[in-house]
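First the proteins, then the strands, lettered A, B, ... as listed; each starts at 1. Not measured: the values here are computed from a predicted model.
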Amino acid sequence: MKRGARTSIGDRIGVGLVLALGVLGLAVLVVPSLIVLAVSFDTRAFVSFPPQGFTLRWYAALADNAQLVRAIVNSLWSGLVVMVLCILLGVPAALASGRGRFRWRGAVPVIVLLPHAVPGVVLGVAVLFAGSAVGLRPSLALQSFAVTAFILAVLVRTVLARLERLDPALEEAAANLGAGRARAFRDITLPLLLPAILAGAAFTFIEGFDNISIAIFTHGMRNPPLPVELLGIVQTETTPLVAAISGVQILLSTLLVAIVAATIGLRHVSD
Amino acid sequence: MSGQGVAAFLDVAGVSKAFGAHAALDDCTLAVRQGEIVTLLGASGCGKTTLLRIIAGFVAPDSGTVRLGGQDALAMPVNRRPIGVVFQSYALFPHMTVARNVGYGLRVRGVPREEQRRRLAEALELVSLTAFADRYPAQLSGGQQQRVALARALVLAPQLLLLDEPFSALDAKLRAAMQSEVRRLIKSVGITAVFVTHDQDEAMGISDAIAVMRGGRIEQAGPPAEVYDRPASAFVADFVGAANHWPDEARGGRVTLPAGLSVPSRVIGRVSVMVRPHNLEPCPVGAEGAAWRGRVAFVRPSGPFLEIEVLVEGAPLPFRVTVPRAGAVPAPGEAVALRVRDLSACFVFPRLDQAAA
Ligand SMILES: Nc1ncnc2c1ncn2[C@@H]1O[C@H](COP(=O)(O)OP(=O)(O)O)[C@@H](O)[C@H]1O
Ligand SMILES: [Mg+2]
């Protein structure tokens, strides 16, 4: 009896804690986003809360601002390049680490994690200096490579975690049924890893799009990405245009998460 | 097992495999005749799975040969061996339906569409899963998953079927049903099979022959009755069915039991005389030819039999006695004597200083 009562109090504390954390998460992540979104539709030419009226004029102003549109396109490119590079480098790295038989396979996630452990600002400066030492000027490409090095760990870890939970007997079963290595990979391993690859890819895309600490040192002077451009704008601009830019970013992130959720959700993948 | 002069269909000879310093298999030799179901029986960690994996081609042995139908199986690539495997975890592809799981091998091997359809239907029919063709593995019960795994292997008509503890994930009742079902299935398609278990009842129930493994070696192989009635070692006697141990001394090729009964012995010195529970018979104290005296500790029904535990004077462990459930039943606490029904069915092995587990 006593024990039962204690457990139930423990349960209540646990549930309370989870609820509190959930509310906190909501407060920190979602509420500011909603405020920014609300402000972006304000009819007044200054930022204030609560907003008044409803207009799309700040979004129109954004679309008319060639410099900002250019920055958004730059950031989209950066996100895309970072994502593709991370998939091309990260999936094989995870496979080598999870399924390889070589001696240092355990070192792969550690090596991949190293740039991630360095503060972004330090990594940005380091890449800038190292780049100039070998004649690489700051550019959209240099920025994308640097962010790739930084964020690769996330994709490798996501894919590796999934790989380690996959029954190795699945690949053996495929081989036993007649599939060669490539065929077994295509038919069995890859489809089962796909949710993890997509989730990791979404993360890396967002980082490529959104990163500022590394991008600020490595971006091309004529090709600033959106966060860098935004940083410049907030210092002078006080209209809800800034909120509209954030609104676009929020929209893109939400869209991406929705795509991933839908893709993974549609596949009958059971863990 | 192959008798002398009968060619083995599966012939494993002198196979050894070490993982680091640990020898998982040590000079393992096994011969299986065509159409036979052979069970590898042994405690966990004795190398059963490793032997299956070597036969299937998932790992290469350090030494030794594996021949299948007279051909060198080790020379065949893993995906070309005519061997079906039912994995312990079933290893069903979670993202494929039952039909796609079972049809996978046919697709990979490029079997013509029409034939694929026919063989898939036959295989599903064989394991009574036609109605479940469009389900995903996660939507099936353990017994159904097991049958999918079986169908997936059998649809390719392999020459040999390997089953690694296929019932270990099932509950006791389903297990008993699946055992006879799987034996019937294997016999109906007439395939040669090597089956792995650590459960001696399962081994007895399903196999034409049993190979008892211990520490990476095959300790004894033969038909179930032979392994049970003529165990080659104390380990086998203990592992395959229960046995009572009586510590004694052997002199001049004999062991003399308390009532002056004598059992032939091939060894001398400290020995253990082992008597199966059904080879003992309770009788009144002082009865003629009773070797041991003791007190009944408890009596419990076991199917059509009664199992009696007797604390025998001079024995380190209580004796278990199995008698038909008819006639007078000794009550707990009662003094009884025990008589051996068939002296020739006692086994004598050297006594180990520590009781073998
Ligand atoms: N891949 C492996 N690496 C290292 N040790 C292994 C490996 N596979 C099996 N072993 C060891 O070999 C021994 C036999 O294993 P196994 O064949 O799985 O036994 P069983 O199937 O009889 O339980 C065990 O001690 C096990 O720890
Ligand atoms: Mg095993």
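Two residues are said to be in side-chain contact when any heavy atoms from C-beta on lie closer than 4.5 Å; B:M96 and A:I188 meet this criterion. Counting heavy atoms from C-beta outward, A:L170 and B:S89 have side chains that stay 4.5 Å or more apart. Residues B:F93 and A:L177 form a side-chain contact, since some pair of their non-hydrogen atoms from C-beta on lies under 4.5 Å apart.
Heavy atoms of other residues, nucleotides or ligands lying less than 6.0 angstrom from CZ of B:R100 number 12 at most. Summarising the local packing, CD of B:Q71 is surrounded by 12 or fewer heavy atoms from other residues, nucleotides or ligands at distances under 6.0 Å. Counting heavy-atom neighbours within 6.0 Å of A:F203 CZ, excluding the residue itself, gives a total of 12 or less. A:R181 CZ: 12 or fewer foreign heavy atoms inside a 6.0 Å radius.
When every heavy atom of A:E172 is checked against every heavy atom of B:F58, the shortest pair comes out as O-CE2, 3.4 Å. Closest heavy-atom contact between B:H95 and A:L192: ND1-CD2, 3.5 Å.
Contacts of B:L92 with chain A are made by backbone atoms alone, with heavy-atom separations under 4.5 Å and no side-chain atom involved. Contact annotation for B:R80: neither backbone nor side-chain heavy atoms come within less than 4.5 Å of a heavy atom of chain A. Proximity to chain B (any heavy atom under 4.5 Å) is shown, for A:N176, by both the backbone and the side chain.
Rounding to the nearest 0.5 Å places CG of B:N79 at 11.0 Å from CZ of A:R183.
Formation of a donor-acceptor pair under 3.5 Å by the B:R152 side chain with backbone atoms of A:A173 is not found in this model.
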